[in-house]
2 protein chains.
Amino acid sequence: MLSSANKYAIRSVLFLALYTNESKKIGAKEIADKLESPQPFLAKLLQQLTRDKLISSTKGPNGGFFLSKKNKENTIWDIIKSIEGAKKFDQCFLGLSKCSDEKPCPVHYIVSGFKEKILKEFKDKTISHFADEVKRTGKILSLKEFNVFND
Amino acid sequence: MLSSANKYAIRSVLFLALYTNESKKIGAKEIADKLESPQPFLAKLLQQLTRDKLISSTKGPNGGFFLSKKNKENTIWDIIKSIEGAKKFDQCFLGLSKCSDEKPCPVHYIVSGFKEKILKEFKDKTISHFADEVKRTGKILSLKEFNVFND
DNA sequence: AATAAAAAAGATGTTTTAGTCTTGTTTTTT
DNA sequence: AAAAAACAAGACTAAAACATCTTTTTTATT
């Protein structure tokens with residue numbers, strides 16, 4: 001459904017939403033380590049997200065990546081678009097370019113309702129919303145147990 | 001979600017379910033043509049499906065691929081397993097190997113119901129069921145309008 | 001001013017998926 | 001028996017996804 005690039009990217013943004021702000025930044029290396037993802041590959045993704053202003057960064061000592069308040073108002077859909085373009089997600093399950101409610105493929109109605117629902121959540125809910133939920137309900141971003149504030 | 005290989009394979013099997021039987025066979029070239037898929041690539045997939053007894057074939061003149069009655073009792077899930085193994089489908093949306101109802105990732109509950117329902121349909125409904133539905137409701141397998149019996 | 005720590009950018013390498021080509025085998029038809 | 005029509009099998013190639021490496025730029029600290 002999503003490329004690994006996208007998975008890493010989404011997890012990174014949520015991670016940044018939880019653990020950073022204008023005055024608390026985290027470097028690419030540490031993010032990669034905490035999320036157990038390949039460091040140089042993730043660095044590329046973070047660059048891309050920065051270019052599209054979905055995350056913020058500063059260079060130099062004590063620099064790093066962080067989420068501004070404005071960044072937190074973006075959505076998961078914005079991340080997906082930044083990393084691999086929106087197409088992927090919207091495609092027919094059986095690969096037919098013209099599959100639609102009017103001309104459905106054999107599995108169209110099995111899949112379409114749910115795709116819409118997921119898409120809606122990804123387009124409507126902000127990063128900040130997801131981050132709050134993770135905080136409240138203790139969802140996981142990695143298999144690694146970590147707590148940035150206790151390092 | 002599914003590889004192209006899988007998409008071609010599923011469409012092929014449904015195509016065969018609709019247009020073939022023990023005494024009416026269709027060759028790889030024609031299937032590829034009708035489904036608008038790369039011919040030698042599809043041929044490979046048909047071989048694989050034949051090996052796993054999800055479709056039937058005979059060699060020689062007037063040979064080709066077809067679906068026996070028994071073949072039609074298989075499911076889309078059987079095809080997916082034959083082509084790329086079942087793993088792909090069951091993975092966490094954000095790539096966490098241990099994501100579960102107990103330790104959910106941030107999007108787990110957005111996605112999990114969806115996945116389960118699709119999976120159930122793919123595991124329960126037979127090829128024959130899907131084929132009947134296509135016949136009844138005129139669903140599409142290709143952008144090409146075709147009618148094998150009128151060739 | 002020099003140094004060091006960080007991200008940015010671009011070139012390069014690897015693996016997987018997608019797709020093709022060639023040769024062999026089986027089977028029907030003549 | 002020969003020829004032709006199909007599938008079977010395996011080697012090969014191309015493209016995309018995944019990942020790394022090297023160099024440059026920026027900026028805080030000394």
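Residue numbering restarts at 1 for every chain, and letters A, B, ... go by the order of the sequence lines. Because only heavy atoms are used, hydrogens play no part in the values below, and waters and symmetry mates are left out as well, while side chains stay in.
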**Request:** Indicate the ring-plane relationship of B/Phe114 and A/Phe114, choosing parallel, tilted or perpendicular according to the 30° and 60° boundaries.
**Result:** tilted
**Request:** Would you mind reading off the distance between B/Leu46 atom CG and D/dA8 atom P, rounded to a whole angstrom?
**Result:** 8 Å
**Options C/dG19, D/dA8, C/dA9, nucleotide nearest the side-chain atoms of A/Gln47** = C/dA9
**Request:** Please determine if a side-chain N or O atom of B/Tyr8 lies less than 4.0 Å away from the OP1 or OP2 oxygen of C/dG19.
**Result:** yes
**Prompt:** OP1, OP2 of D/dT26 versus side-chain N and O of A/Thr58: anything below 4.0 Å?
**Reply:** no
**Message:** Quick check on DNA chain D: between A/Gly60 and B/Gly64, whose nearest nucleotide comes earlier from the 5' end?
**Reply:** B/Gly64
**Message:** Rounding to an integer number of Å, can you tell me how far A/Leu2 CG sits from D/dC18 P?
**Reply:** 11 Å
**Message:** With a 3.5 Å distance limit and no angle check, can you tell me whether A/Tyr109 reaches the backbone of A/Asp101 through a side-chain donor-acceptor pair?
**Reply:** yes
**Asked** Hey, does B/Ala28 reach any base, or is it just sugar-phosphate, or nothing, if we go heavy atoms under 4.0 Å?
**Response** sugar-phosphate
**Message:** Working to the nearest 0.5 angstrom, can you tell me the gap between B/Leu94 CG and A/Ile76 CD1?
**Reply:** 7.0 Å
**Asked** Can a side chain N or O of B/Asn62 be found less than 4.0 Å away from OP1 or OP2 on C/dT29?
**Response** yes
**Prompt:** What's the verdict on side chain to side chain contact (heavy atoms under 4.5 Å, CB included) for B/Ile10 and A/Val107, showing C-alpha distance, side-chain angles and the deciding distance?
**Reply:** CA-CA 10 Å; B/Ile10 292 170; A/Val107 305; 5.6 Å; no
**Asked** For B/Leu45 and C/dA18, what is the distance between atoms CG and C1' respectively, to the nearest whole Å?
**Response** 10 Å
**Fill in**
Whole-Å distance, A/Asn6 CG to D/dA17 P, equals 12 Å
**Item:** Closest to the A/Lys44 side chain, choosing from D/dA28, D/dA5, C/dG10
**Value:** C/dG10
**Message:** Let's see if you can work this out: which of C/dA18, D/dC7, C/dA7 has an atom nearest to the side-chain heavy atoms of B/Ser4?
**Reply:** C/dA18
**Item:** Distance, rounded to the nearest Å, where B/Gln48 contributes CD and D/dC7 contributes P
**Value:** 16 Å
**Message:** At less than 4.0 Å, is any side-chain N or O atom of B/Ser3 found next to OP1 or OP2 of C/dT17? Yes or no.
**Reply:** no
**Message:** Looking at A/Ser57, I'd like to know whether one of its side-chain N or O atoms comes within less than 4.0 Å of OP1 or OP2 on C/dA7.
**Reply:** no
**Asked** What is the distance, rounded to the nearest whole Å, between atom CD of B/Glu84 and atom P of C/dG19?
**Response** 13 Å
**Request:** Would you classify B/Pro40 as touching base, sugar-phosphate or nothing, given that sugar-phosphate means primed atoms plus P, OP1 and OP2, and contacts are heavy atoms under 4.0 Å?
**Result:** base
**Asked** When you measure from the side chain of A/Thr20 to the backbone N and O of A/Ile26, does any donor-acceptor pair fall under 3.5 Å?
**Response** no
**Message:** Measure NZ/A/Lys59 against C1'/D/dT29 and give the value in whole Å, please.
**Reply:** 18 Å
**Fill in**
The nucleotide from C/dA18, D/dT27, C/dA8 with an atom nearest the side chain of A/Pro61 is D/dT27
**Request:** Find the distance A/Phe41:CZ to C/dG10:P and express it as a whole number of Å.
**Result:** 18 Å
